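Remember, it's a predicted structure, so these values are computed and weren't measured experimentally.
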Amino acid sequence: MATIRSSWVSIALFGAVTAAAGVVDADWWALFAGIGAFGISVMTVTQHFQHRTAALLYLARPQRFTVLLAQVVTTVVISWLVAAVSGVTVVSKWGTWTYYHALVAVPIMAVFGAALAAVVRRSVWLLSGFGVWFVIVEGVAGQFKYPLPMTSYLDASRGDAFGIEIFLVWAVAALAVAAVALRRDLSGD
């Protein structure tokens, strides 16, 4: 992640957009912090497949689940730091309620995104599909009423304990699917 300049540009962009959203509304900041965490984790995990370094990475570190866990920890730390720094605008204008709850939910979003990226392996497909899922399935069809991933994240970022529990279940389920998908052959990637 540190060696690819586009990663740093993406992180800076996510941070700037998230901070700007914090000026508008605390819930908007929480939404963009979650989307940023998802994007950072997807880019971190999928870049090995995009740049065709996954085979070398797995030859150097044969335990693929250990590699995924390291990627998850990296994305959790980076996403949390971006959210914490960009949230200064929220704290200064709206207070700390949403800020603290979102800082609990953002790492779960990073785990969720990294796990899905290990399954899908193509950042464009995953980010596009996530956008369609968020807008069409959860937004238009579900009207953010059902305990689906983004709805649960939004509830968790508002301090809803049940939302955090449901979102943890989504993240753990995605991580379990990723653990199975890691055994796939890399020749198609």
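The side-chain contact (heavy atoms from CB on, under 4.5 Å) search around V172 returns none, not counting sequence neighbours. With sequence neighbours excluded, no residue forms a side-chain contact (heavy atoms from CB on, under 4.5 Å) with A12. Residues passing the side-chain contact (heavy atoms from CB on, under 4.5 Å) test with A21 are W28, F32, sequence neighbours excluded. Judged as a side-chain hydrogen bond (donor to acceptor under 3.5 Å, both in side chains), and not counting sequence neighbours, T89 has no contacts. In terms of the side-chain contact (heavy atoms from CB on, under 4.5 Å) criterion, residue partners of V91 (sequence neighbours excluded) are, by chain and number, T96, Y99.
Using a 4.5 Å cut-off between side-chain heavy atoms of Ile, Leu, Val, Met, Phe, Trp and Tyr, with links allowed through other members, Y146 and F162 fall into the same hydrophobic cluster. Grouping the Ile, Leu, Val, Met, Phe, Trp and Tyr side chains by contacts below 4.5 angstrom, directly or via other members, places Y100 with V77. A single hydrophobic cluster is seen to contain both L116 and I136, as judged by linkage of ILVMFWY side chains at heavy-atom distances under 4.5 Å, directly or through other members. V17 and W94 sit in two unconnected hydrophobic clusters of ILVMFWY residues. Membership requires side-chain heavy atoms under 4.5 Å apart, directly or through other members. V104 and W97 sit in two unconnected hydrophobic clusters of ILVMFWY residues. Membership requires side-chain heavy atoms under 4.5 Å apart, directly or through other members.
Summarising the geometry of V72 relative to T75, their closest heavy-atom pair is O-OG1, 2.9 Å, with the distance given to 0.1 Å. Considering all non-hydrogen atoms of both residues, A37 and M109 come closest at CB-CG, 4.1 Å. For the residue pair A178 and A118, the shortest heavy atom distance occurs at CB-CB, 3.9 Å. Looking at every heavy atom in both residues, A33 comes nearest to V106 through CB-CG2, 3.9 Å. Shortest non-hydrogen contact noted between A26 and T98 is O-CG2, 3.6 Å. Nearest heavy atom pair, residue Y153 against residue A30, reads OH-O, 2.5 Å.
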Do any side-chain atoms of residues 127-135 form donor-acceptor pairs under 3.5 angstrom with protein atoms, and if so which ones, sequence neighbours left out?
{"unit_1": "S128", "atom_1": "OG", "unit_2": "V124", "atom_2": "O", "d": "2.7"}
{"unit_1": "W133", "atom_1": "NE1", "unit_2": "E138", "atom_2": "OE2", "d": "2.6"}

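Of the possible polar contacts, one joining the T46 side chain to the V42 backbone as a donor-acceptor pair under 3.5 Å is found. Within the 3.5 Å criterion, the main-chain N or O of V76 finds no donor-acceptor partner in the side chain of S79.
Evaluation of the ring pair (Phe, Tyr, Trp, His ring centres under 6.0 Å) test over residues 108-128, restricted to residues two or more places apart or in two chains, returns F112-F167. The stretch residues 142-157 participates, sequence neighbours left out, in these salt bridge (Lys or Arg N to Asp or Glu O under 4.0 Å) pairs: D155-R158.
Within a 6.0 Å sphere centred on CZ of F144, other residues, nucleotides and ligands contribute more than 12 heavy atoms.
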*Could you walk me through whether L69 and V73 pass the side chain to side chain contact (heavy atoms under 4.5 Å, CB included) check?*
CA-CA 6 Å; L69 288 180; V73 168; 5.5 Å; no
For a side chain to side chain contact (heavy atoms under 4.5 Å, CB included) check, start with the C-alpha distance between D160 and L154, then their side-chain angles and the critical distance, and finish with the verdict. CA-CA 9 Å; D160 180 17; L154 292 172; over 6 Å; no
- Stepwise side chain to side chain contact (heavy atoms under 4.5 Å, CB included) check, M150 with L31: CA-CA 9 Å; M150 277 305 290; L31 172 65; 3.7 Å; yes
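Looking at heavy atoms from C-beta onward, W80 lies in side-chain contact with L103 at the 4.5 angstrom threshold. Inter-residue side-chain proximity for L68 and L175 is flagged as met; some heavy-atom pair is nearer than 4.5 Å.
Note that NE2 of H101 is 9.5 Å distant from OG of S157, once rounded to the nearest 0.5 Å. Between atom CD1 of residue I78 and atom OG of residue S41 there is a gap of 12.0 Å, rounded to the nearest 0.5 Å. With values rounded to the nearest 0.5 angstrom, I108 atom CD1 is found 10.0 Å from S152 atom OG. For the atom pair OG1 of T74 and CD1 of I40, the computed distance is 12.0 Å after rounding to the nearest 0.5 Å.
Side-chain contact check for W29 and S86: at least one donor-acceptor pair (N or O, by modelled atom type) lies under 3.5 Å.
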